[in-house]
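Order of appearance sets the numbers: ligands from 1, and atoms from 1 within every ligand.
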Amino acid sequence: MSIGDQVASAVSALLAGHLVAFPTETVYGLGADATNEVAVSRIFRTKGRPTNHPLIVHLAGIDAVDMWARDLPEYAWALANAFWPGPMTLVVNKRAGVSSLVTGGQDTVGLRVPSHPVAVELLDEFARRGGQGVAAPSANRFGQVSPTSADDVRSELGEYLLPGDLIVEGGNSHVGVESSIIDCTGIAPAIARPGAITREMVEAATGVELMEFDQRIRVSGSHSRHYSPRAEVVLDDAVEQGDGLIALSEFPTPPGAIRLLEAPSVEAYASGVYSALRRADQLGLGRVVAMTPPGEGLAVAVRDRLVRASHRRAGPVEP
Ligand code: TXA
Ligand code: MG
């Protein structure tokens, strides 16, 4: 099916209350009409995700912000103008009437305008046909590695989708790690989840020095174990025979190790890290060693996800 036909079917499915997994430049999302509570509640069941975890509402453009949010500080508009469409979510005060299922019962709502051409087309068409926004978390089971291809979504959620639900094909998500989440409810922005829109970029666009993020705001990726495969993930450790290895290209593959990612840049590292973790599980590896990329910028987001992936499953189960 052509992209245009896929998008038309996907929008019809969304408007009829079905779920649609679709590509974004960060990872694939599992979308529902954000104004349809029955459809939104299916997102939680399909992911196995607790309902107190808020969802991001995806919009066709900055003009749609006022349908969802109120009292944005000036720096939030500066960020929206600088980085949308793109891999950034803004947490802002919600308007009265926004479903508390979407916001996890909070007074704030997460908004994002993605840039992936298929997502852009889908959200434009959804808006043209009267839709206001598409609520979408990453299209993985709760706590698992985010999908960066339609095949990943099928293997994560295929058995949980219902007739009428769709998966839109859109190639690989090139950023590869989830959007930066910027809390815009205080006097200055705060990064709640690092991503491709970096601290340096946020400070340059707003001219405001960042605040530290207040952990009282609930960000699902902030659970200490998240994004984790079945294999044990260890960071910056000696690589042994039979281990999977994820590292920048400059790091050689020791004999007997299974190279899962050989990234020529931090961007390539981010883009490939989740599929490398998935491949470890497909190969049935017991242990993966990840050599973390150094430095600031996007490397901060890559290290954040690797640290979460490295937390062992043993011990108390996360809520
Ligand atoms: O790149 C992304 O952001 C992807 C694509 C599909 O857009 N989505 C994504 O969604 O990663 P999810 O649900 O896996 O992670 C979204 C994060 C969650 O940690 C959630 O808690 C946080 O955004 N979030 C959403 N609304 C929020 C709010 N009102 N306050 C605080 N955190 C919020
Ligand atoms: Mg997620």
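- Using a cut-off of 4.0 Å between Lys/Arg side-chain N and Asp/Glu carboxylate O, Glu121 and Arg128 are scored as not salt-bridged.
- Put simply, part of Ile181 is less than 4.0 Å from ligand 1, judged by heavy atoms.
- Distances between N or O atoms of Arg112 and those of ligand 1 include at least one value under 3.5 Å.
- With distances taken over non-hydrogen atoms, the option nearest atom 20 (C) of ligand 1 out of Pro54, Ala196, Ala135 is Pro54.
- In this comparison of Val175, Val98, Val27, the heavy atom closest to atom 4 (C) of ligand 1 sits on Val27.
- Electrostatic pairing of Glu37 and Arg42 does not count as a salt bridge here, judged by no charged N lying under 4.0 Å from a carboxylate O.
- Between Phe142 and His53, a ring centre-to-centre spacing shorter than 6.0 Å is recorded.
- Interface of Arg193 with ligand 1, defined as ligand atoms under 4.0 Å from a residue heavy atom, comprises 2 (C), 3 (O), 9 (C), 11 (O), 15 (O), 16 (C), 17 (C).
- Residue contacts with ligand 1 for Arg49 involve side-chain atoms from C-beta outward but no N, CA, C or O (heavy atoms, distance under 4.0 Å).
- Minimum heavy-atom separation, Leu277 to Val233: CD2-CG2, 4.0 Å.
- Close approach of ligand 1 to Gln106 (heavy-atom distance below 4.0 Å) involves ligand atoms 30 (N).
- Looking at Ser146 and Glu178, their side chains do bring a donor and an acceptor atom within 3.5 Å of each other.
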*Show the numbers, then the answer: is there a side chain to side chain contact (heavy atoms under 4.5 Å, CB included) between Trp68 and Lys94?*
CA-CA 6 Å; Trp68 295 91; Lys94 74 164 199 176; over 6 Å; no
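- The Mg ion (ligand 2) has no N, O or S atom of Asn140 under 2.8 Å away, backbone or side chain.
- For atom 1 (O) of ligand 1, the choice among Leu55, Thr24, Thr185, Thr26 with the nearest heavy atom turns out to be Thr26.
- For atom 6 (C) of ligand 1, the choice among Gly110, Pro147, Gly29 with the nearest heavy atom turns out to be Gly29.
- Using modelled atom types, no side-chain atom of Asn36 and backbone atom of Asp33 make a donor-acceptor pair closer than 3.5 Å.
- Contacts between Val109 and ligand 1, counted as non-hydrogen atom pairs separated by less than 4.0 Å, involve the backbone only.
- When all heavy atoms are compared, the tightest approach of Phe213 to Ala190 is CA-CB, 3.8 Å.
- Of all the heavy atoms in Ile62 and Ala80, the pair that sits closest is CD1-CB, 3.5 Å.
- Taking a cutoff of 4.0 Å between a charged side-chain nitrogen and a carboxylate oxygen, Arg308 and Asp304 qualify as a salt bridge.
- Residue contacts with ligand 1 leave out Lys94, since none of its heavy atoms falls under 4.0 Å from the ligand.
- Ranked by closest heavy atom to atom 28 (C) of ligand 1, the top entry among Ile56, Asp107, Thr108 is Thr108.
- Residue contact check for ligand 1: His53 places no non-hydrogen atom closer than 4.0 Å to it.
- Annotation for ligand 1: atoms under 4.0 Å from non-hydrogen atoms of His58 are 5 (C), 6 (C), 7 (O).
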